[in-house]
J.: 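One structure follows; several queries about it will come next.
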Amino acid sequence: DGAAKRISFQFQCVTWKLEKSLAKIPFDQFQISEEVQEQVALVRAQLRRATERYGSLNSRKVSNAISQLPEKERSDTNHEISAKLDSIPESCTTLGHAADKATKILERVNSSSIPSEVCLLNEVDSKGQENLAAKGAEQTKKPDTLVIPVDFLCPISLELMRDPVIVATGQTYERSYIQRWIDCGNVTCPKTQQKLENLTLTPNYVLRSVINQWCAKHNIEQPSGLANGRLKKSNGSFCDVSGDMAAIQELVSKLSSRCLEERRAAVAEIRSLSKRSTDNRILIADTGAIPVLVSLLTTDDASIQEHAVTSILNLSIFENNKSLIMLAGAVPSIVQVLRAGSMEARENAAATLFSLSLADENKIIIGSSGAIPALVDLLQNGSNRGKKDAATALFNLCIYQGNKGRAVRAGIITALLKMLTDSRNCMVDEALTILSILACNHDAKAAIVKASTIPVLIDLLRTGLPRNKENAAAILLCLCKRDAENLACISRLGAAIPLTELTKSGTERAKRKATSLLEHLRKLQQL
């Protein structure tokens, strides 16, 4: 069925078996560094999220799919899986839930509740299967699984299609997956390996209607809750949105118009619609607008670019749209807007990266895309709103350990110190919050000390707001743990007096940090 399908099989198999293998490892018998713990925690969080989202779907589907492969391919696949599992180190560590201190998302748009996705397959009792096999072919048992017709599955993702499109070879794919395939520079059909005569994606309305009818017949929701032109509301009722869908489809078609003014008007209207309601965000994404909006991010027209990035920001508020935006390959283009767009476009690009980074796996992708240096530049040179958007995005990205070093190399410490010493004191809280998650990183710790930040932090212990005192104490504790030189420095600067005061009048967290620091100072004096 093509290389892409085999790769998809192998990836899902590895994910499934890795999850099973990790569950058998006695993590609590090992003591591993905090950095390794964070990396393992991130992987486990992704596996847990995949399990919650798809249940037993992947494991069953992968098992069935592999069993249908030719013997040679099945052998090669199993060999690759075994090799990957053998490479897992035995010294894995236990992991807790990573504390994702997600800040409030974008005051200028409304957040929304996300309906949980429906699991299409139920777990089959393995003992029941064995017993059924033993009874012989003459005895039958009613299956407890719902088999999705093969024609309804995207050949790339092997998942139920919600926006099927036809490519030049006549094959049908889920729009977001084939668009990502094309955006990566591929010019062949993933299934047939034939060269595509053109890259046009034609909506397969017939198949889409059949899938919707099948979903309605079997009481299965599409991920968006949209079926047969009816949208499921939060209270469980359905409303007819076929007229709205037709209007939005017409707008999306105008996004590719040769007339510049028509494109401008269409993208401006989509921006407005996407801001108004969750229903609009669902409908706009369902009509296939996201890949087209992503393509508009690289336009030379500043107005279109600004409207496009803001539309993507608004669409990303709906949780299911985040994955569609990532699959459309939006991040590199968003980063390009962040670097060279108008100030409003840069502000909204930073806000979009924050919204997308709420998913742990996206923190890695965004961090490796070159976004962090561009965010640091906006933090230093942007408007007040741009600086706040950049700070929020950087904070969320730096929760992932691998991004902390990137931020340090991009010069974030210098930018944060400037914010701490700004006479207007408008972003002291944001600067301290970011420093508090960077301070325990080795590279960040060295950069903080080198930038002469310790005296500034001690001044904040004396004069800052309660929240600022709390974060200053937490940062100083990270800097001074197992570091006698830094301890001696804060002792010379008279930190003991404000720390003692903090143990009496600070917040609960501030009291704990100050008490711990004072204990370290007492031990230093006893040496």
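Owing to the predicted nature of the structure, the values given are computational and were not obtained by experimental measurement. Count residues from 1 along the sequence.
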J.: I would like to know whether Leu420 and Leu416 meet side chain to side chain contact (heavy atoms under 4.5 Å, CB included); could you show each step before the answer?
T.: CA-CA 6 Å; Leu420 289 178; Leu416 295 175; 5.6 Å; no
J.: Can a salt bridge be assigned to the pair Arg346 and Asp377 using a cut-off of 4.0 Å between side-chain N and carboxylate O?
T.: yes
J.: At what distance, to the nearest 0.5 angstrom, does CG of Asn471 lie from CZ of Arg467?
T.: 5.0 Å
J.: Does a sphere of radius 6.0 Å around CD1 in Ile497 hold more than 12 heavy atoms from other residues, nucleotides or ligands, not counting ones at 6.0 Å or beyond?
T.: no
J.: Between Asn321 (side chain) and Leu315 (backbone), is there a donor-acceptor pair under 3.5 Å?
T.: yes
J.: For residues Val428 and Leu432, determine if any side-chain heavy atom of one lies less than 4.5 Å from a side-chain heavy atom of the other.
T.: yes
J.: Tell me the closest heavy-atom pair linking Pro373 and Ala410, and the distance in Å.
T.: CA-CB, 3.8 Å
J.: Give me the atom names and distance for the closest heavy-atom approach of Ala390 to Ala350.
T.: N-CB, 4.1 Å
J.: Would you indicate whether the side-chain heavy atoms of Leu518 and Leu521 approach each other to under 4.5 Å?
T.: yes
J.: Within the side chain of Arg339, is there an N or O that forms a donor-acceptor pair under 3.5 Å with the backbone of Ala374?
T.: no
J.: Within the side chain of Ser295, is there an N or O that forms a donor-acceptor pair under 3.5 Å with the backbone of Val292?
T.: yes
J.: Would you indicate whether the side-chain heavy atoms of Thr298 and Gln336 approach each other to under 4.5 Å?
T.: yes
J.: Is there a side chain to side chain contact (heavy atoms under 4.5 Å, CB included) between Leu394 and Asn403 once you walk through the steps?
T.: CA-CA 9 Å; Leu394 285 165; Asn403 287 336; over 6 Å; no
J.: Please check: side-chain N/O of Ser369 versus main-chain N/O of Ile366, any donor-acceptor pairing under 3.5 Å?
T.: yes
J.: Please report the C-alpha distance between Asp483 and Leu479 in whole Å, then the side-chain angles of each, then the deciding distance to 0.1 Å, and finally whether the side chain to side chain contact (heavy atoms under 4.5 Å, CB included) criterion is met.
T.: CA-CA 7 Å; Asp483 195 313; Leu479 297 179; over 6 Å; no
J.: Would you mind reporting whether Lys445 and Asn486 have side-chain heavy atoms less than 4.5 Å apart?
T.: yes
J.: Distance from Thr392 atom OG1 to Leu375 atom CG, nearest 0.5 Å?
T.: 10.5 Å
J.: Is it true that Glu470 and Lys513 make a salt bridge, defined as a side-chain N closer than 4.0 Å to a carboxylate O?
T.: no
J.: Using atom types as modelled and distance alone, determine if a side-chain donor or acceptor of Ser491 lies under 3.5 Å from a backbone N or O of Leu487.
T.: no
J.: Can you list everything that forms a side chain to side chain contact (heavy atoms under 4.5 Å, CB included) with Glu344? Sequence neighbours excluded, please.
T.: Arg271, Glu306, Ser342, Glu347, Asn348
J.: In terms of heavy-atom contacts, does CZ of Arg522 have more than 12 from other residues, nucleotides or ligands at under 6.0 Å?
T.: yes
J.: Side chains of Gln401 and Ile437, heavy atoms from C-beta outward: is any pair under 4.5 Å?
T.: no
J.: Please check this pair: side chain of Ser516 against backbone of Arg512, looking for a donor-acceptor N/O pair closer than 3.5 Å.
T.: no
J.: Decide yes or no on side chain to side chain contact (heavy atoms under 4.5 Å, CB included) for Glu159 and Tyr177, but give the supporting numbers first.
T.: CA-CA 11 Å; Glu159 295 176 352; Tyr177 285 95; 3.6 Å; yes
J.: Would you call Lys418 and Gln380 a side-chain contact if the rule is heavy atoms closer than 4.5 Å?
T.: no
J.: So how far is it from Leu476 CG to Leu499 CG, rounded to the nearest 0.5 Å?
T.: 7.0 Å
J.: Grab the two heavy atoms, one from Arg281 and one from Lys275, that are nearest each other, plus how far apart they are.
T.: NH2-O, 3.5 Å
J.: For Ala473 and Leu461, which heavy atoms make the closest approach, and how far apart are they?
T.: N-CD2, 3.8 Å
J.: Taking 4.0 angstrom as the limit, do Asp443 and Lys404 come out as a salt bridge?
T.: no
J.: Considering non-hydrogen atoms only, spot the tightest contact between Met427 and Glu430 and give its length.
T.: CA-OE1, 3.2 Å
J.: Please confirm whether the backbone N or O of Leu297 pairs with a side-chain atom of Gln305, one donor and one acceptor, at under 3.5 Å?
T.: yes
J.: Under a 3.5 Å distance rule, please check whether Lys322 uses its side chain to pair with a backbone N or O of Ser316 as donor and acceptor.
T.: yes
J.: I'd like to check Arg406 versus Ser368 (side-chain heavy atoms, cut-off strictly below 4.5 Å). Are they in contact?
T.: yes
J.: Verify the neighbour count for atom CD of Glu519: are there more than 12 heavy atoms of other residues, nucleotides or ligands below 6.0 Å?
T.: yes
J.: At what distance, to the nearest 0.5 angstrom, does CG of Leu378 lie from OG of Ser383?
T.: 7.0 Å
J.: Work out which heavy atom in Pro291 is nearest to a heavy atom in Gln179; give both atom names and the distance.
T.: CB-CG, 3.5 Å
J.: Examine distances only and state if a side-chain atom of Asp389 and a backbone atom of Ala351 form a donor-acceptor pair shorter than 3.5 Å.
T.: no
J.: How long is the gap from CG on Leu324 to CD1 on Ile290, to the nearest 0.5 Å?
T.: 4.5 Å
J.: Testing Asp422, Ile448, Thr453, Ile412 for side chain to side chain contact (heavy atoms under 4.5 Å, CB included) with Leu417, which one passes?
T.: Thr453
J.: Answer yes when Lys511 and Glu508 have at least one side-chain N-carboxylate O distance shorter than 4.0 Å, and no when they do not.
T.: yes
J.: Can a donor-acceptor pair be found, under 3.5 Å and without considering hydrogens, that links the side chain of Asn396 to the backbone of Ser357?
T.: yes
J.: If you measure from CZ on Phe318 to OG on Ser355, what distance do you get to the nearest 0.5 Å?
T.: 12.5 Å
J.: Looking at side-chain heavy atoms only, is the closest gap between Thr515 and Leu502 below 4.5 Å?
T.: no
